[in-house]
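We're numbering straight along the sequence, starting at 1. Quick caveat, the model's predicted, so the values are computed rather than measured.
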Amino acid sequence: MTKKKAVELTLYRYAGKYLFFRIKKRCKECDISYVILQRLMTEQLHRKPVSLRIVPWLDNFWKIIWRGGWHAPILTVNGKVFSQGRVPEIPKLLSKIGEILNDTSLIQPGEMQTEKATSAYKESEIIVYFSPACPHCRQLLEYLGSNGIKYSGRDVTISESARQDVERLTGRLTIPVVVIKGEIIKGFDRKRLKNLLGISADDEKPVKLDSRNIIPHFTDTQLSEIYQKAKNVLEKNQLKGWTMPSNRLYPHLWNWDSGFISRGYLHYDPERAYTEIRSLFRGQWSDGFLPHIIFNPEYTHHFPGPDYWNADNSGKVPSGIFTSGISQPPVHATMIVDSVKLDPNKERALSFLKEIYPKLKKLHDFYFTWRDPEAENLVSIVHPWESGLDNAPLWDEPLAAITDTSEWALSMQEKYDEIAEQGERPKRTYIEKYSYLIENLYKNNYDWKKISENHPFIIQGVLFNSILCKSELDLGKMAETLGYDASIHYERADKIKTAINKKLFDETEGIYYNFDLKHQKHIKRDTIFSYMPLFAGIPDKDMGEVVLDTLRTHCFCIADMDCVAIPSYDMCQVDFEGEFYWRGPVWVNINWYIAQGIRQYGEAELSEWIENSLIALADRYGFYEYYDPDSGKGLGEKDFSWTAALVIDLIAKKLRNEN
Ligand code: 9WN
């Protein structure tokens with residue numbers, strides 16, 4: 001039998017570490033190569049025997065150097081260097097793959113390989129090469145536009161020939177580049193542009209080259225329009241008494257989603273906000289635990305549904321209610337703490353707070369009693385989904401250490417395939433572990449003490465504990481409003497704060513890390529969730545400075561503000577995936593927290609950039625579950641409730657001139 005031909009592509013990205021060196025800069029060519037290759041895999045190379053591996057260059061430089069590969073991005077085809085130091089030429093690459101596979105459909109006609117941008121644009125005197133995510137490009141285009149200069153724009157992220165042109169003209173892939181009457185200008189060089197275009201000092205309409213130009217701005221009328229659209233999303237997802245996160249993948253009531261959603265309602269229909277929270281707490285178990293899903297009895301095809309959770313094994317579920325058996329971050333006290341301030345009917349607000357306060361307290365008590373096995377004032381989670389950040393790279397290591405698998409892993413995968421698009425759900429290896437963890441919980445009858453002794457996944461999370469710390473502070477405020485003794489809440493908040501600073505802060509790296517109790521080690525992954533303590537005021541001023549210094553890099557797009565908002569994962573990491581949920585995309589809830597956090601530590605302008613960018617994303621692309629950090633493309637669920645609710649919150653604050 002002849003061996004089937006196959007092609008293995010390997011992209012060495014400018015990333016990784018070796019001994020004490022660690023790459024902390026982004027390489028544009030690598031980012032663009034990555035995006036283009038991923039696209040090829042899902043388009044032209046879909047169902048072809050071609051695999052793509054992305055590896056960190058620095059970890060592997062000694063392997064590739066022997067094969068002649070020096071400069072990242074390096075692309076190898078079946079181990080041989082195909083291109084390096086630049087974005088690979090795609091028509092040539094496809095032809096090469098076609099030749100190896102004997103697949104003529106991939107071989108590109110000669111004409112296409114030599115396609116030149118200039119042919120289509122020769123009449124035009126001014127050509128601008130740009131990428132939509134690059135701030136200097138945006139400023140340049142704005143400058144030309146406001147000075148009435150006509151030009152042809154060429155987006156290098158879309159066009160192969162545009163990239164070839166830039167490399168031919170400047171020797172490398174750099175943007176923006178302007179070509180005027182044969183002259184080449186790299187970057188936004190206002191002086192040269194002005195001279196070449198003959199704009200007089202009196203007529204020139206300058207665009208100030210400072211970060212304020214990057215911040216999107218809106219008139220009050222525009223804000224009101226976006227606000228209305230956001231309300232429409234919540235109306236669309238509303239059922240009797242509660243709101244679905246979205247009406248395709250998430251047709252039930254989700255714990256932290258309902259918290260965020262209630263924050264949106266509070267601005268225009270407080271009664272609705274109270275109803276949302278009441279509906280959620282209908283599912284509270286007798287020990288105070290609040291499940292992550294309260295099932296919609298009218299919708300039976302969700303997976304995993306009530307039958308899989310076996311929550312009844314616990315003997316703690318309120319009768320007639322169907323729930324899951326894990327929880328989610330306790331955002332609720334923070335989301336509703338402003339009820340009295342925002343509700344025009346103060347009496348109604350007070351009576352709601354009075355009703356909900358004991359339930360919230362019982363929930364927080366639950367965490368301290370049952371989820372702090374080492375009595376360290378740090379609560380732990382028992383499933384990645386409890387973190388709310390289901391698929392984050394944080395869980396890779398602890399999940400990989402689990403060797404058991406469950407009986408129903410396969411059916412879980414099949415059901416997911418039925419309801420979701422490919423690439424929207426976690427990978428199969430994770431699904432096996434997720435289902436095993438659930439099985440272990442119900443086999444232990446949700447006896448939290450037993451679970452803390454035999455469960456393979458117990459993590460003290462930075463995000464979870466920061467949210468709990470802030471919620472304790474807000475529960476304290478609520479207690480004061482109601483005339484109760486608030487001291488227990490402030491004491492607890494203080495204890496969590498001290499514990500987070502003591503155990504989860506890495507002084508050498510200047511960053512907070514999760515702690516894996518099972519394996520007794522920190523999980524050193526640079527996700528944006530590490531910066532959540534800022535929101536809860538956890539670091540003192542000096543520590544806050546250190547944390548902000550770590551955050552202010554290109555890897556989280558802060559140095560240049562060259563993304564649409566802050567990505568969920570460090571873009572300099574080799575396994576960063578801008579379109580895969582919790583592994584890179586921009587999430588509105590996380591950005592909402594980060595913006596408030598950094599403002600408290602003096603970064604008002606950056607915070608305004610984040611908040612306005614979130615509104616701009618919703619305005620331009622719609623209310624998506626998450627967004628691609630480079631292009632802003634909306635991903636996951638469309639018309640997603642918490643995106644709408646938090647945009648309402650941001651706009652309401654702007655219209656009231658708060659911050
Ligand atoms: C599992 C509903 C939930 C969010 C989570 C998000 C996603 C569920 C899933 O959707 O999780 O709970 O099926 O992936 O990760 O944060 O609450 O919006």
Side-chain angles (χ1 to χ4, degrees), residues 254-260 280 288-293 324-335 360 363-395 397-399 434 437 441 448 451-452 455 457-475 489 492-505 511-518 522-525 527-539 568 582 587 589-590 592-594 596-597 642:
W254 254 269
N255 179 325
W256 77 332
D257 298 64
S258 280
F260 298 128
L280 172 64
F289 169 87
L290 189 64
H292 99 301
I293 301 177
S324 70
I326 53 167
S327 196
Q328 267 186 334
V331 299
H332 323 90
T334 300
M335 297 303 144
L360 286 167
L363 170 65
H364 291 199
D365 290 348
F366 165 83
Y367 283 122
F368 289 98
T369 314
W370 296 114
R371 290 299 186 86
D372 183 15
E374 317 269 314
E376 293 179 296
N377 295 306
L378 284 177
V379 306
S380 50
I381 55 168
V382 295
H383 195 291
W385 293 350
E386 279 204 321
S387 70
L389 324 166
D390 307 20
N391 192 34
L394 291 168
W395 322 124
E397 268 186 71
L399 287 182
Y434 293 157
L437 290 174
L441 294 174
W448 307 114
I451 288 164
S452 73
H455 201 56
F457 184 99
I458 307 185
I459 312 273
Q460 294 169 320
V462 174
L463 176 137
F464 204 99
N465 281 285
S466 302
I467 286 181
L468 181 60
C469 178
K470 180 72 170 82
S471 282
E472 276 294 346
L473 291 172
D474 290 329
L475 209 51
H489 303 299
R492 275 181 187 174
D494 209 47
K495 284 182 186 160
I496 311 174
K497 174 174 159 171
T498 310
I500 293 181
N501 283 335
K502 195 166 145 222
K503 187 164 182 189
L504 306 185
F505 186 61
I511 189 175
Y512 291 90
Y513 287 126
N514 286 357
F515 191 82
D516 180 341
L517 272 181
K518 196 77 205 164
H522 287 99
I523 305 175
K524 298 201 169 185
R525 300 299 288 265
T527 61
I528 192 66
F529 321 120
S530 282
Y531 300 92
M532 290 291 287
L534 295 169
F535 160 75
I538 289 170
S568 44
W582 297 117
W587 290 77
N589 60 343
I590 301 301
W592 182 88
Y593 279 120
I594 296 291
Q596 292 181 44
W642 87 40

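- Here the side chain of Y434 pairs a donor or acceptor atom with the backbone of D390 at under 3.5 angstrom.
- Note on ring orientation: taking the six-membered ring where Trp is involved, the planes of Y593 and F260 are perpendicular (angle over 60°, cut-offs 30° and 60°).
- Annotation for K502: atom NZ does not count as buried by contact number, only 12 or fewer foreign heavy atoms lying within 6.0 Å.
- At a threshold of 4.5 Å between non-hydrogen side-chain atoms, the residues P539 and L534 count as touching.
- Note that OG of S387 and CH2 of W256 are 7.0 Å apart. Values are rounded to the nearest 0.5 Å.
- Paired with N465 under the rule side-chain contact (heavy atoms from CB on, under 4.5 Å), one option of I538, I500, I381, N514 passes, and it is I500.
- For the atom pair OG of S380 and CZ of F515, the computed distance is 11.5 Å after rounding to the nearest 0.5 Å.
- Panel note: side chain S471, backbone P330; a donor-acceptor pair is recorded below 3.5 Å.
- Listed for the D516 side chain is no donor-acceptor partner under 3.5 Å among the backbone atoms of I523.
- Contact of the L280 side chain with the N255 side chain is registered, since non-hydrogen atoms from C-beta on lie closer than 4.5 Å.
- Taking the six-membered ring for Trp and thresholds of 30 and 60 degrees, W592 and F535 have ring planes inclined between 30 and 60 degrees apart.
- Taking the side chain as every heavy atom from C-beta outward, N501 and P533 never approach each other to under 4.5 Å.
- Between L399 and L437 there is a side-chain heavy-atom pair separated by less than 4.5 Å.
- Across A536 and S466, no two heavy atoms sit closer than the pair CB-O, 3.5 Å.
- When atom types are taken as modelled, the side chain of S327 and the backbone of L290 share a donor-acceptor pair closer than 3.5 angstrom.
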Query raised in the report: Between Y367 and E472, is a side-chain contact (heavy atoms from CB on, under 4.5 Å) present by the stated rule, with each step listed?
Result: CA-CA 12 Å; Y367 283 122; E472 276 294 346; over 6 Å; no

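- Between atom NZ of residue K503 and atom NE2 of residue H522 there is a gap of 7.0 Å, rounded to the nearest 0.5 Å.
- Here the CD1 atom belonging to I326 is positioned 6.5 Å from the CH2 atom belonging to W385, to the nearest 0.5 angstrom.
- Between F457 and H383, the distance separating the two ring centers is not shorter than 6.0 angstrom.
- Atom-to-atom distance recorded for L468:CG and L473:CG is 10.0 Å, nearest 0.5 angstrom.
- Within the 4.5 Å cutoff, the side chain of F366 has heavy atoms near those of the W448 side chain.
- Here the OG-CZ distance, from S568 to F529, works out to 5.0 Å after rounding to the nearest 0.5 Å.
- The two residues T527 and P393 have their closest heavy-atom pair at CG2-CD, 4.3 Å.
- Side-chain rings of W370 and F289 stay apart, their centers remaining 6.0 Å or farther from each other.
- Side-chain contact check for E386 versus I459: every heavy-atom pair is 4.5 Å or farther apart.
- Residues H292 and S324 come closest through the heavy atom pair ND1-OG, 2.8 Å.
- D474 and H489 are not linked by any side-chain donor-acceptor pair at a separation below 3.5 angstrom, with hydrogens and angles left out of the test.
- The two residues G259 and H332 have their closest heavy-atom pair at CA-CD2, 4.1 Å.
- For the pair I496/V379, no side-chain contact is recorded, criterion being any heavy-atom separation below 4.5 Å from C-beta on.
- Side-chain atoms of F464 and R371, non-hydrogen and from C-beta on, never get closer than 4.5 Å to each other.
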Requested in this report: Would you please test I590 and L389 for side-chain contact (heavy atoms from CB on, under 4.5 Å) and show each step?
Outcome: CA-CA 10 Å; I590 301 301; L389 324 166; 4.2 Å; yes

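- The nearest pair of heavy atoms linking P329 to I467 is CB-CD1, 3.9 Å.
- By the side-chain contact (heavy atoms from CB on, under 4.5 Å) test, E374 pairs with E376, L517, sequence neighbours left out.
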Query - side-chain contact (heavy atoms from CB on, under 4.5 Å) evaluation trace for Y531 with I511 - result: CA-CA 7 Å; Y531 300 92; I511 189 175; 3.4 Å; yes

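- In this structure, N377 contributes its side chain and R492 its backbone to no donor-acceptor pair below 3.5 Å.
- Using bins of under 30°, 30° to 60° and over 60° for the plane-to-plane angle, the ring pair Y512/F505 lands in the tilted bin.
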